Structure formats: C-alpha cells, structure tokens
Amino acid sequence: MAEDIYQPLDQDIHTEPMILQMGPSHPATHGTVRFTLTLDGEKVIKCDTEVGYLHRGFEKECENSTWTQVFPYTDRLNYVSPLLNNFGYALAVERLLEIEVPERCNWIRTIMGEISRLSDHLTCVGAGGLELGAMTAFLYALEGRELVWDLIEEVTGARLTVSYGRIGGVKDDLTEDFADRWAYTRGRLQEIHANTHKLLTRNRIFLDRMQGTGVLTPEMGISYGYTGPVLRSTGVDYDVRKDHPYFMYGEVDFDVPVGDTGDNYDRYLVRMEEITQSIRIIDQCLERMEPGPVNSDDPRVVLPEKEKVYNSIEGMINHFKIIFEGIQVPPGEVYSYTEAGNGELGFYIVSNGTGKPWKIHVRSPSLIMMGGLHHLIEGGLLADIIPTFDTINMIGGECDK
Amino acid sequence: MSKKLIDFVAKHFADEVLDSHSRLGNDTVVLKRDRLPEIVERLRDDESTAMNMLRAITSVDYLNRIPRFEVVYVLYSISKKHMLTLRVVVEEEDCTAPSIHHLYGAAGWMEREVWDMYGVEFDGHPDLRRVLLYEEFEGHPLRKDYAKQASQPRLDLLVRERDSVEEFNVFYKSKPSEGSRDS
Amino acid sequence: MGLEHQLPEVLTTRLESAVGWARKHSLFQYPFATACCGMEYMATASSRYDIARFGAEIPRFSPRQADLLWVVGTVNHKLAPFLRRIYEQMAEPKWVMAFGVCASTGGFYDNYATVQGIDKIIPVDCYIPGCPPRPEQVIDGLLALQSKIQAEPWMKYAYEEKAKRRAEMERSGNPLFTPIDGQET
Ligand code: SF4
C-alpha cells in the first residue's frame with residue numbers, strides 16, 4: 001500500500017527545526033499578534049506569543065479622566081461588544097458608590113448587553129468561517145451583525161462606539177418601536193442562524209479543520225484563567241450570569257451551553273448555542289419590563305434635567321460640578337466582574353475620593369487567554385493555528401488595553 | 001458575605017496578616033510579602049477553600065504613601081463560588097514580590113504585565129519580559145510619576161519619506177504644462 | 001444588448017487619463033487592520049455596503065501585490081516599525097489611506113503609547129475622519145482618493161526617482177553635479 005512505501009522514507013528524513021515569524025500583520029490574526037514558531041516540518045514544536053501591538057495606554061488614560069469620561073475608553077476595549085464593557089464598568093463604579101439603579105435600567109442593560117453579545121458571537125463565527133474559506137457564512141454573519149447594529153444605532157445613536165452606559169443609569173430609554181424592530185431582526189437572525197448551521201455544522205471541510213484541534217482540558221483552562229465560551233466548551237459551566245447574577249439575569253430563564261471535548265468545534269457550537277440563548281433572554285426581558293425611570297435619582301451622580309439647569313441656580317451648580325469635577329466617588333476599592341463576550345470582564349477600581357479614578361485595572365479575558373495559547377498550538381499543525389486563534393476570539397483592544 | 005475565608009487566613013497565618021476587611025462584597029486580606037506563595041498554595045489546596053482560579057494580579061501605586069506599592073491578587077473558587085482578594089505591600093526601595101507562577105498557569109503573564117507597567121519584580125519568575133510594551137522602553141508607564149505623554153518612539157519618526165513629492169508639487173505648479181492637467 | 005455595442009470601434013483619449021482611469025478602478029488593497037476601525041472596514045467590505053462596486057474589491061494580504069494601503073485603526077510605537085516596513089515593501093504606484101482619527105492624528109489616545117498620526121511615519125494620501133467612520137464616509141473617502149489618482153500625472157513616479165537621485169547626488173557632494181540655478185560651483 002501507498003502508506004507502507006512512504007513509511008521508511010518518512011523516518012529517514014531528518015528535518016532541522018525551522019523558526020517562522022507569524023504576524024504581527026497576518027490576515028488570520030484579526031488583531032495584531034506575533035507568534036514566533038519553531039516548526040518541525042509542519043508541526044509546531046514551540047510557540048512564543050507576543051502581544052501589545054495595540055497597547056493604547058487605556059489605564060493611563062483613565063487615570064487622567066473623570067469617572068464619566070472613562071466610558072468612551074471602555075467602548076474600545078472589546079470593540080465588538082462595546083455595550084457589555086460599558087455596563088461592566090458602570091456596575092463597578094455603582095458598587096463603589098453603593099447606589100442602586102432603577103429596575104427598568106437593569107432590564108435595558110440586560111437587553112442591550114445581550115444584543116451586543118449577539119454581535120460579538122456573530123462576528124466570531126463569521127470570521128472563523130471566512131478564514132477557513134467559507135466566505136458565504138461570513139457574509140451571512142455580517143448581514144446579521146448589520147441588523148443588530150441597526151438596533152443599537154436606533155437606541156444609542158452610534159453603530160460601534162456607543163458610550164451608552166452612564167453611572168447610575170443609561171443614556172436614554174429604548175425607542176418606542178424597539179419591540180417591533182426587534183421582532184423583525186429576531187426573525188431574520190434566526191434564519192441566518194439556521195443557514196449558518198446548514199453551511200458549517202455538518203460541512204466536511206469545516207469538521208476536519210475544527211474537530212480535535214486546539215484541545216483545551218478543563219484543568220488547564222481553570223489554571224490558566226480561561227473563562228467564557230472557551231472554558232465552557234471544556235465542560236466547566238462557569239458563567240458569571242448564572243453563578244453571580246447581576247442586572248436581571250437572575251430573573252430570566254436561560255441555559256448555559258457546555259461542551260465536552262474543549263476543541264475548536266465545541267467552541268464554535270457553544271457560541272452558536274449562546275446566540276439562541278441571547279435571543280431567548282431578550283424576548284423574556286421585552287415581555288416583562290415595565291415603564292419607569294431609567295436613571296437613578298441620586299443627585300451626586302446623575303445630571304439634573306436640562307430644565308432645572310437653565311432655570312435654577314442649584315441645578316446649574318450641580319450640573320457644573322458633575323461635569324467639571326466629576327462624580328465624587330468615596331475612597332475604597334472594589335473588584336467587580338461581569339460576563340462579557342469572551343469571558344469574565346473584571347474591573348479592579350481604586351478611588352481616593354476625588355473626581356478621577358486613582359486606578360482602573362481591567363481583567364481582560366483575551367490577554368489572559370493569550371497567556372495560555374501556546375499550549376493549544378504546540379503539538380498541532382501550522383494550519384491549525386488559524387481555527388484555534390479564531391475560536392479563542394482574541395480582540396486586540398481588550399487584549400492589549 | 002461570610003468572613004470564612006478571612007478567618008481561614010487569620011487562623012493559619014496569624015503573623016502574616018496586617019489587616020482584613022469585608023466591604024462591598026469583597027473580602028480582603030492585607031498581607032506581609034514573604035510567605036505569600038505558601039498562603040496561596042494553602043488556599044488553593046485546602047478542601048474548604050479550593051481557590052482553583054486566579055482571576056487577576058495587579059498593582060496599585062500610592063505615590064506618597066510608605067510603602068508605596070501594593071500587589072493585588074484576586075482568587076476565586078469555581079466549585080465553591082467564593083472570592084478572596086489578597087493585597088501584599090511592597091516597598092519602593094525593595095520593589096520585589098515572590099512569584100506564584102508555579103501555582104497557577106495564568107500567573108506568569110499577569111506578573112509580566114505588572115512588571116511591565118509598575119516595575120515590581122517577581123522573584124523566581126522564569127521569564128520576566130515586557131508583555132505590552134517593547135524591550136527598548138525605559139521606565140514603567142503606570143507609575144504615577146511617569147508623565148502621560150512621555151513617549152519613546154522606536155523609529156526616528158520625523159524622517160519624511162516623500163520629500164520628493166513636495167518637490168514635485170513645487171515643480172509642476174511653476175510649469176503646469178509639464179505636469180498634470182485636469183481631466 | 002450591452003453598452004459596448006453602441007460604441008464606435010475606436011475611442012480616442014489621452015494616455016494619461018486612460019492610465020489614471022485604469023489605476024483608479026483596479027485598486028488592490030492591503031488592509032492593515034489593527035483596531036476597532038477594522039470592524040467598520042469589515043462592514044464596508046461585505047454584504048451591505050459592498051466596496052466592490054468601486055473597484056476596490058480584492059484584499060491582498062501581501063504588500064508586494066497591493067496598491068492601496070489602508071491603515072485601519074490605532075498604530076502604536078511598538079507597531080510603527082512594521083508599518084513602515086510594509087509600506088516600503090509595496091511597489092509603486094502606491095497610495096495610503098488613513099482610516100479613522102487614530103490613524104490620522106492619534107485620536108483621543110494622546111499618551112505614551114500611540115503614534116500621533118501615521119503621517120509621522122509614512123506619507124498619507126487621504127484621511128478619513130470619524131471614530132470609527134461610517135461606511136458611507138469610507139466610500140466617500142475612497143471616491144476622493146480615486147479622483148486624486150485620476151488627476152495624478154502618470155509619469156510622476158519616474159520623476160520622483162529622478163528627483164531622489166538628484167537629492168542623493170547633492171548630499172554626497174558629487175562634483176559633477178551642478179545645481180540648476182547655477183549660483184554655486
Ligand atoms: S478611530 Fe476610533 S474606532 Fe477607529 S481605531 Fe481609533 S479609537 Fe478605534
């Protein structure tokens with residue numbers, strides 16, 4: 001047989017290890033990452049990951065802004081799901097201030113957060129298809145993302161960098177026809193979801209590239225601090241939304257999908273299932289939310305209404321103080337965490353009692369996942385890096401801060 | 001939150017604890033520096049605590065305070081679902097902390113990041129390189145005495161490549177017939 | 001019946017406009033996507049906005065095959081040498097588009113890490129403002145670049161070579177070289 005002929009040959013061929021630089025500008029590393037690979041033939045023996053090509057001094061910028069001015073910077077952390085970062089940061093500061101937000105605000109945050117998660121997962125799945133040659137899946141996913149972004153634009157006024165969160169509330173209520181628009185988007189998204197399943201899930205090429213590559217074990221995942229869909233694909237059902245419910249996640253009913261082998265294919269399936277679950281959460285929220293105020297009434301943090309600002313001296317002074325001096329946050333520190341698109345997004349915030357944060361540390365899931373990435377890559381083929389890197393879904397802004 | 005974890009640390013390592021409090025849902029213990037790996041290992045391996053995940057390591061620079069730095073470790077238990085924050089004080093003159101990279105895989109990169117940004121060295125770390133910045137960078141940007149805009153370009157940025165383009169522009173303005181015409 | 005049947009067999013035009021026309025409608029692009037703007041670049045390139053309508057369809061991930069370098073997103077000091085290198089690898093004629101305020105001016109990241117506009121490193125032909133620019137704006141920027149390409153004299157690059165050589169000779173102090181105005185010897 002053919003294999004027998006080649007076997008002795010194979011053993012005799014002595015290959016020198018070759019060192020290959022992959023990145024920092026490589027089409028499949030959708031951020032800018034550099035791998036220094038040591039190859040034996042096509043097999044990766046050693047991989048050294050280098051990040052930081054998008055380091056923009058997030059933490060330094062935050063220390064020089066008022067608490068409210070930090071929002072635009074958080075948008076650009078995980079720029080595929082900016083709303084989740086907004087709300088994560090708002091929640092952290094609210095914990096430090098010990099204020100409660102009104103119920104409707106929590107409903108809105110849940111809805112908008114899940115919409116953002118949809119955009120994140122769609123991008124990840126679509127781009128993954130694109131890199132394995134399935135251009136059609138990418139175009140479908142992008143169409144879905146455009147629809148989702150239309151909804152976001154309707155509510156927040158921007159497509160991508162939204163700055164919709166506020167400390168003690170959100171910028172504005174949902175628009176009146178939001179539910180109708182959602183009904184349309186929902187139908188279309190479900191079609192797209194079904195089409196993507198048809199295109200990819202049983203596709204031979206896709207299966208061959210994804211199954212059994214980039215395998216993560218649960219022990220390693222926990223030890224390396226992996227969270228989010230990547231950890232869940234190994235069978236550990238750690239989801240902040242379920243384990244430590246915040247906003248309205250305690251009230252709604254949803255499942256946390258878990259995989260069992262922890263390979264690329266499982267990660268893809270977990271993301272696809274999470275899309276369904278997000279749609280389910282949004283449906284329930286829209287059904288159950290009641291009209292009401294969306295901002296807390298604490299004058300320390302929320303800007304007074306324009307009418308008061310222009311017509312009364314207290315209102316004006318209050319407005320002036322919040323804008324110029326910033327919200328006064330009592331001294332202390334807090335570690336607050338939420339479930340973002342890629343995993344647990346934590347903010348460790350230190351305040352010294354002034355209008356500017358003394359320190360903001362982001363526990364960005366991507367950076368921590370990049371720390372253990374070489375274990376997924378080593379021992380595999382060079383070509384397997386591409387699906388692995390995609391399903392990890394490293395986002396540059398979040399990873400490099 | 002119960003103070004179970006704080007009591008656990010206080011019981012087994014009473015000499016090491018400088019302070020402890022439970023505020024805003026975070027249990028915090030402030031520790032002396034030297035026996036940290038031992039404490040973390042105990043917290044990780046003991047049945048009743050089982051802190052099997054390291055959420056974050058970071059540092060805080062309190063500029064005018066002595067000791068100046070604090071290294072913060074956030075531990076979490078996936079099975080027990082509880083969290084503990086450990087804070088370790090570090091002096092400015094002796095800016096080191098013991099490494100815990102052998103206990104958690106994630107610690108390696110987190111410690112590199114802290115070294116990169118704050119210049120806290122981790123004793124025993126096998127590969128303490130910069131993560132986010134580049135080798136040629138001097139200083140540690142998140143220290144409070146590092147100026148925000150003090151950039152250190154890797155390239156000599158002001159060499160303009162296309163001086164010739166400007167020269168051409170001057171040329172064809174003076175002799176339009178030789179250059180481009182509107183089309 | 002296509003339009004070509006209505007045309008005469010021979011069309012006359014100037015060579016320069018014909019070359020400009022061909023160049024502007026066959027831009028091979030190299031997306032140097034680093035940050036958030038990359039998401040809008042993806043949106044512009046795919047289903048809804050479809051940049052292929054303007055002849056800038058094919059992304060080439062090798063700088064040697066590309067004419068148009070899109071710098072999409074923030075460039076920091078760590079990345080700067082790579083950007084310069086990629087630009088130098090591209091063959092003439094080449095154009096550079098700064099996509100978003102970060103690439104144009106550094107945007108609102110005014111700190112130790114970021115380059116305050118890529119024009120500090122490489123020449124830029126067209127700036128698209130916005131953080132991130134909307135796809136419509138990107139297309140507008142592309143059209144502006146196309147009209148610029150059309151207006152470019154087609155011998156520009158040959159001229160540039162000459163000018164470069166002249167500058168070099170001047171720098172090296174070659175005695176055979178005499179400045180044009182002839183005031184020095
Ligand atoms: S211009 Fe704005 S959206 Fe674009 S890369 Fe810069 S920060 Fe991101």
Side-chain angles (χ1 to χ4, degrees), chain A residues 48-61 63-64 92 95-98 218-227 231 236-238 240 242-244 330 332-337 344 346-348 350 352 358-364 367-373 375 399-401, chain B residues 21 23-28 44 52-63 65 70 72-79 81-85 87 101 103-114 116-118 127 129-134 137 141-144 146-151:
Chain A
D48 180 36
T49 321
E50 182 163 356
V51 298
Y53 292 102
L54 189 53
H55 179 61
R56 301 189 274 197
F58 169 80
E59 291 172 20
K60 195 80 176 176
E61 286 284 354
E63 287 168 13
N64 288 287
R95 287 218 173 123
L96 207 48
L97 279 162
E98 296 181 80
E219 297 76 40
M220 216 182 72
I222 292 173
S223 163
Y224 273 90
Y226 278 59
T227 41
L231 183 65
V236 182
D237 66 338
Y238 171 60
V240 183
K242 266 282 194 258
D243 295 342
H244 306 275
E333 62 275 300
V334 74
Y335 179 80
S336 152
Y337 45 97
E344 180 188 310
F347 284 95
Y348 184 79
V350 181
N352 61 348
W358 183 255
K359 176 185 171 60
I360 293 184
H361 171 78
V362 202
R363 180 221 190 268
S364 62
L367 178 63
I368 290 164
M369 289 199 282
M370 294 308 284
L373 186 64
H375 284 291
C399 175
D400 301 343
K401 305 183 183 170
Chain B
H21 54 82
R23 247 192 96 215
L24 310 169
N26 289 17
D27 295 345
T28 310
R44 185 188 72 164
N52 52 2
M53 189 162 121
L54 177 66
R55 270 181 163 165
I57 301 180
T58 183
S59 172
V60 189
D61 175 5
Y62 298 94
L63 185 56
R65 201 189 73 173
E70 236 169 43
V72 183
Y73 299 80
V74 186
L75 304 176
Y76 181 72
S77 162
I78 292 224
S79 47
K81 309 209 184 306
H82 53 210
M83 176 171 98
L84 179 66
T85 312
R87 283 161 49 189
H101 74 276
L103 301 174
Y104 297 100
W109 270 49
M110 294 178 187
E111 285 173 355
R112 279 173 68 185
E113 191 198 338
V114 173
D116 192 353
M117 292 292 153
Y118 288 94
D127 184 20
R129 281 177 292 154
R130 289 190 181 270
V131 184
L132 297 178
L133 291 165
Y134 37 96
F137 199 89
L142 281 188
R143 287 192 174 193
K144 289 280 176 188
Y146 191 93
K148 184 181 160 217
Q149 289 165 336
S151 65

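Every value quoted in this text rests on a predicted model; they were computed, and no experiment measured them. Below, read A as the first sequence line, B as the second, and so on, with proteins coming before strands; counting in each chain starts at 1.
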Side chain [X], main chain [Y], donor-acceptor under 3.5 Å:
X	Y	result
A:K60	B:A147	no
B:K81	A:D243	no
B:K144	A:W358	yes
A:K401	B:L132	no

Contact class of [X] relative to chain B, heavy atoms under 4.5 angstrom:
X	answer
A:E59	both
A:T227	side chain
A:I360	neither
A:N64	side chain
A:L54	neither
A:V334	both

Exercise for the section: Kindly give the heavy-atom pair with the smallest separation between B:S59 and A:K359, and that separation in Å. Expected result: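 Taking B:S59 first and A:K359 second, the nearest heavy atoms are O-CE, 2.9 Å.
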Practice task
Search all heavy atoms of A:T49 against all heavy atoms of B:W109 and return the closest pair with its distance.
Solution key: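 Minimum heavy-atom separation between A:T49 and B:W109: O-CZ2, 3.8 Å.
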Problem - Residues in residues 218-225 of chain A that sit under 4.5 Å from chain B, counting heavy atoms only - result: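 Those residues of residues 218-225 of chain A which have a heavy atom under 4.5 Å from chain B are A:I222, A:S223, A:Y224, A:G225.
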Where does [X] contact chain A at under 4.5 Å (heavy atoms): side chain, backbone, both or neither?
X	result
B:V60	both
B:H21	side chain
B:M110	side chain
B:R129	side chain
B:D116	neither
B:R23	side chain

Practice task
Name the member of B:L133, B:T85, B:D61 that forms the most heavy-atom pairs with chain A at distances under 4.5 Å.
Solution key: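 Answer, by heavy-atom pair count under 4.5 Å with chain A: B:D61.
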Handout entry: Nearest-0.5 Å distance, CZ of residue A:R363 to CZ of residue B:R55
Key =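 So the CZ of A:R363 and the CZ of B:R55 are separated by 7.5 Å.
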Problem - Interatomic spacing from CG in A:L367 to CZ in B:R112 - rounded to 0.5 Å - result: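 Going from the CG atom of A:L367 to the CZ atom of B:R112 covers 9.5 Å.
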Check whether any side-chain heavy atom of [X] sits under 4.5 Å from a side-chain heavy atom of [Y], and report yes or no.
X	Y	value
A:E333	B:R87	yes
B:I78	A:L231	yes
B:M117	A:H361	no

Exercise for the section: Can you sort out the partners of B:Y118 under ring-ring contact (aromatic ring centres under 6.0 Å, His included), two or more places apart, ordered by chain and number? Expected result: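 Testing B:Y118 for ring-ring contact (aromatic ring centres under 6.0 Å, His included), a comparison that skips the adjacent residues, returns none.
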Problem - Between A:Y335 and B:Y76, ring centroids under 6.0 Å - result: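 No.
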Practice task
Between chain B and each of A:H244, A:E61, A:H375, count heavy-atom pairs under 4.5 Å; write down the option with the most.
Solution key: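 The candidate making the most pairs under 4.5 Å is A:H244.
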Exercise for the section: Please determine, among A:E50, A:M369, A:E63, the option with the most heavy-atom pairs under 4.5 Å with chain B. Expected result: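 Of the candidates given, the most pairs with chain B belong to A:E63.
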